[in-house]
Participant: 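Take this structure first; my questions come after.
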2 protein chains.
Amino acid sequence: MAHRQAQQRRPSIHDVASRAGVSAATVSKVMQGVTTVRPENAQRVYDAVEFLGYRVDPLASDMRRAKRRIIGAIMPEFESEFFGSMITELEGLAEQRGYTLVAASSRESEAREKEILARMHDWRVAGVVLAPVRNEHGPAAGFMKLNGMTGVLIDRVLADDAFDTVSADSAAASAEVARELLSKGHRHILVVGLGHQAATVRARLDGFRTKALQLVPDIRIDVVLSESDVEPLRSLLRDYFAKGERPTAVYSLFLKGTLVVLSEFRRRGWHCPDDISLVGFDDAEWMQVTWPAIAAVVQPVREIASNAVDVLFRRIEGEGGPPKARLEPCKVLMRESVGSPGGGPHSGGGNRQ
Amino acid sequence: MAHRQAQQRRPSIHDVASRAGVSAATVSKVMQGVTTVRPENAQRVYDAVEFLGYRVDPLASDMRRAKRRIIGAIMPEFESEFFGSMITELEGLAEQRGYTLVAASSRESEAREKEILARMHDWRVAGVVLAPVRNEHGPAAGFMKLNGMTGVLIDRVLADDAFDTVSADSAAASAEVARELLSKGHRHILVVGLGHQAATVRARLDGFRTKALQLVPDIRIDVVLSESDVEPLRSLLRDYFAKGERPTAVYSLFLKGTLVVLSEFRRRGWHCPDDISLVGFDDAEWMQVTWPAIAAVVQPVREIASNAVDVLFRRIEGEGGPPKARLEPCKVLMRESVGSPGGGPHSGGGNRQ
DNA sequence: TTGAAAGCGCTAACAG
DNA sequence: CTGTTAGCGCTTTCAA
């Protein structure tokens, strides 16, 4: 029970000390669970703490310590389920270790990414979980390196010579998508992506292409990549289909791409899977309630988050050694949006989920 | 240009002071833009700052100031577009004012909400933007009140006697949905909601019902409310339809409800709008690319965020007066999921995008 | 086992 | 206009 009324100033360690009749140093020790305090005194401290409703000021406390118990997280956006859950996970994990997470969105801008990082450096964060906008070679990673910050890179990265990385095994997942689509009989497939995310998009594309060519050497794979932004993709795609191209399946390498593809299908009046099949990288809750349900590659958010945090704290605690690159396996959920080419209505058998 | 190499210790204000040949106090003044410093000295400080790559430590600085330039944000979740954009907006707004945003997810738990708040209080945040799990009367708001914290309540709130509130005008939006559905000829409508969000769900329900009854006194409105969680809603809904109920339209009062409704439609093989119409509170990107596109009420995220921050800073700066309750107008986007009852295939005319 | 003293990095009050 | 002094709230030697 807090006995103080809505107070002006919160009680400080000295208030506790004087009420308990000990020194601030002793209170500090008790609060940190040091065992060399006489039980009698400890009890007096506990009583005073309870009476005053005292709580340690974590910032003041960090001020004196070596490292601050804060970790930073920088994501390209907060609006998607993927990064939203990522932040939720990271926050929980940080909290478990007695750290506070400060999260910021780079809003897909490398410039902003670097500014945020500089601000986090000002905050003397103990470490940073950075999901770079583009890849591991951006200015933000450079800044971290230059300033000797400790951090881990996630998501749109493959491997780095300065930082540990944790990401989804895009290549393997894409290979599996290739296997699934080819096994359904698709022989002309369009792959849609965003070029500037280099690292991962490349891995996804290569993983898909390599496996596909290995299984069916004369498979036809078209690629529509938008270099910079999502919007151009819309017209590139429109042009592609306007030329009369008629692949039997589309594999979108990222979530917004899947939305763009769907909206292009709408425009042309095509339905999945009767007119064309679709698989997207990145799952979302709505994909299983729409009709048809959209097949998707599910990234293991929890695994990525927990590995990232593990690795990060290992570095924070001073563990050395060369940076490691972790890849976490994805799940591929084939849903109704995938059928057999030419299957037509009510014949696209073999759908799971 | 920073001339230091990857340093062990960041330069402090004293390093700058001694290099510039002035006192720390003078450096502090220069950094804060105080104009009463002799230009010559100011220049020496700037030079030293640049040479050393010095940046003020915001935490140390706050330590001495009255208030810390940190504001906290607590959202029920980060996974949805709504709260994701909310955080993005809040972060940007806080940053504009030189504040850092510390965000946390209560994960739909009032217990956790209160814990987070206590931690933020420990941090001596200048203010809090709280989107309560349930409503303005939860334990978290009580905690804030009790501890004299300054804050603003958003989203699932209507009005409070201790804090300013900012939320979407759910009632007005729901009235508009009623008007739209009735004008299309619907006379039997199911409303689906989650009871425990009391404040807003009640407003949405009442807004809808009042307007509907006013327009068509003998309209039939069924209500399926799940008290606690989303999952029970699924079976309640199943039972409802199993009884043979056959409304011509469904209005879901919250996003997850819309997903549940859609998935129930799937299960029964019903298509919108031919078999039944659907409108959901809360918009999402995917809703305009699915087939049919889902009609939705769009909450004005930016307006809510910017008003919340305005109001909050006004309080932080000591402005008095009774708490105000703001309601921001929503947009209702009627899309293909809404047609006329009995319209059947290709006759659900009058759809707008 | 304890507490006095010395700060962490910064700012504010007040002499000079 | 500038520097000295005195802290913010806490932790950490280190001597007692």
Side-chain angles (χ1 to χ4, degrees), chain A residues 7-46 48-49 52-70 98 100 119 121-126, chain B residues 7-46 48-49 52-70 98 100 119 121-126:
Chain A
Q7 74 297 320
Q8 323 306 338
R9 212 200 76 218
R10 290 193 65 169
S12 82
I13 198 170
H14 291 106
D15 300 321
V16 176
S18 65
R19 177 155 236 284
V22 296
S23 75
T26 301
V27 175
S28 174
K29 280 167 195 148
V30 173
M31 294 312 284
Q32 287 170 85
V34 173
T35 54
T36 62
V37 176
R38 201 188 324 156
E40 186 191 317
N41 278 338
Q43 193 52 55
R44 296 172 64 80
V45 169
Y46 289 135
V49 164
L52 298 170
Y54 171 75
R55 294 188 130 224
V56 175
D57 178 338
L59 258 41
S61 151
D62 278 357
M63 200 72 209
R64 188 56 222 278
R65 291 177 190 282
K67 283 274 178 208
R68 290 185 184 164
R69 284 159 305 180
I70 302 171
T100 296
R119 231 172 297 137
H121 189 215
D122 294 345
W123 270 55
R124 270 72 162 171
V125 296
Chain B
Q7 74 296 319
Q8 325 304 340
R9 213 201 76 217
R10 292 191 64 168
S12 81
I13 198 170
H14 292 106
D15 300 322
V16 177
S18 65
R19 178 155 234 285
V22 297
S23 75
T26 301
V27 176
S28 175
K29 281 168 195 146
V30 172
M31 295 312 284
Q32 288 171 84
V34 173
T35 54
T36 62
V37 175
R38 201 191 320 159
E40 185 190 318
N41 278 339
Q43 193 53 55
R44 297 171 62 81
V45 169
Y46 289 135
V49 164
L52 297 170
Y54 170 75
R55 294 187 129 223
V56 175
D57 178 338
L59 259 39
S61 153
D62 278 357
M63 200 73 210
R64 189 56 225 280
R65 289 179 190 280
K67 283 272 176 211
R68 292 189 182 160
R69 284 160 304 181
I70 302 173
T100 296
R119 231 173 295 137
H121 188 215
D122 294 343
W123 271 57
R124 271 73 161 170
V125 296

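Throughout, protein chains are lettered first and strands after them, A, B, ... in sequence-line order, and every chain is numbered starting at 1. All values below were derived from every heavy atom in this structure, side-chain atoms included, with hydrogens, water molecules and symmetry-related copies excluded. A quick note: this is a predicted structure, and the numbers were derived from the prediction, not measured.
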Participant: Within the structure shown, what part of the strands sits under 4.0 Å from B:V22 by heavy-atom distance: base, sugar-phosphate, or nothing?
Facilitator: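 Sugar-phosphate, backbone atoms only, no base.
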Participant: OP1 or OP2 of D:dT11 versus the side-chain N and O atoms of A:S61: is any pair under 4.0 Å?
Facilitator: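 Indeed, a polar side-chain atom of A:S61 lies that close.
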Participant: For B:R9 and C:dG7, give me the distance from atom CZ to atom C1', rounded to whole Å.
Facilitator: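 These atoms are roughly 13 Å apart.
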Participant: Counting only side-chain heavy atoms from C-beta out, which of C:dG3, C:dA6, C:dT2 sits nearest to A:T36?
Facilitator: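 So the side chain of A:T36 is nearest to C:dT2.
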Participant: Which residue, B:T26 or A:R69, contacts DNA chain D at a nucleotide closer to its 5' end, judged by nearest heavy atom?
Facilitator: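 With B:T26 and A:R69 compared, the 5'-side residue is B:T26.
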Participant: Specify the residue among A:T35 and B:R64 whose closest nucleotide of DNA chain C lies further upstream toward the 5′ end.
Facilitator: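 Nearest nucleotide further toward 5': that of A:T35.
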Participant: NZ of A:K29 versus P of C:dT1: gap in Å, rounded?
Facilitator: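 Interatomic distance, NZ of A:K29 to P of C:dT1: 11 Å.
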Participant: What's the CG-P distance between B:D62 and D:dC8, to the nearest Å?
Facilitator: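 Spelled out: CG on B:D62 to P on D:dC8 is 16 Å.
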Participant: Distance check needed: D:dG9 C1' versus A:M31 CE, whole Å only.
Facilitator: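 The answer, rounded to whole Å, is 13 Å.
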Participant: B:V22 vs B:K29, test: side chain to side chain contact (heavy atoms under 4.5 Å, CB included). Steps then yes/no.
Facilitator: CA-CA 11 Å; B:V22 297; B:K29 281 168 195 146; over 6 Å; no
Participant: Report the distance from atom CE of B:M63 to atom C1' of C:dA12, rounded to the nearest whole Å.
Facilitator: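 Those two atoms, CE and C1', are 15 Å apart.
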Participant: Distance check: side-chain N/O of A:S23 vs OP1/OP2 of C:dG3, anything under 4.0 Å?
Facilitator: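 For A:S23, the contact criterion (side-chain N or O under 4.0 Å from OP1 or OP2 of C:dG3) is met.
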Participant: What I want to find out is whether A:D122 reaches B:R10 closely enough, with some N-O distance under 4.0 Å, to be called a salt bridge.
Facilitator: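 Counted as a salt bridge, because a side-chain N and a carboxylate O are separated by less than 4.0 Å.
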Participant: Counting only side-chain heavy atoms from C-beta out, which of C:dT11, C:dG9, D:dC10 sits nearest to B:S28?
Facilitator: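 Side chain of B:S28 sits closest to C:dT11.
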Participant: How close or far is atom P of D:dT4 from atom NE2 of B:H14, stated in whole angstroms?
Facilitator: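 Going from NE2 in B:H14 over to P in D:dT4 covers 10 Å.
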Participant: In this structure, how many angstroms lie between the C1' atom of D:dG9 and the CZ atom of A:R65, rounded?
Facilitator: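 Taking atom C1' of D:dG9 as the reference, CZ of A:R65 is at 13 Å.
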Participant: Return the minimal non-hydrogen interatomic distance between B:R69 and B:P58, and the atom names on each side.
Facilitator: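 Closest approach of B:R69 to B:P58, heavy atoms only: NH2-O, 3.9 Å.
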Participant: Quickly work out the A:I13 CD1 to C:dG3 C1' distance and round it to whole Å.
Facilitator: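 After rounding, the reported distance stands at 12 Å.
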Participant: Would you indicate which nucleotide in D:dT12, C:dC10, D:dG9 comes nearest to any side-chain atom of B:A60?
Facilitator: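 Of the candidates, C:dC10 comes closest.
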Participant: If you check every side-chain atom of B:Q32, which of D:dG3, C:dC8, C:dT11 has the closest atom?
Facilitator: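 When the side chain of B:Q32 is considered, C:dT11 is the closest of D:dG3, C:dC8, C:dT11.
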Participant: Closer to the 5' end of DNA chain D via nearest nucleotide, is it B:A24 or A:P58?
Facilitator: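 By nearest-heavy-atom nucleotide position, the 5'-most residue is B:A24.
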Participant: To the nearest 0.5 Å, what is the distance between CZ (B:R124) and CD1 (B:I70)?
Facilitator: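 The distance works out to 11.0 Å.
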Participant: Looking only at the side chain of B:R38 (C-beta and beyond, no hydrogens), which of the listed nucleotides D:dA6, D:dC1, C:dT2 gets closest?
Facilitator: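 Of the candidates, D:dC1 comes closest.
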Participant: Are any of the side-chain heavy atoms of B:D15 and B:Y54 separated by less than 4.5 Å?
Facilitator: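 Side chain of B:D15 against side chain of B:Y54, heavy atoms only: no contact under 4.5 Å found.
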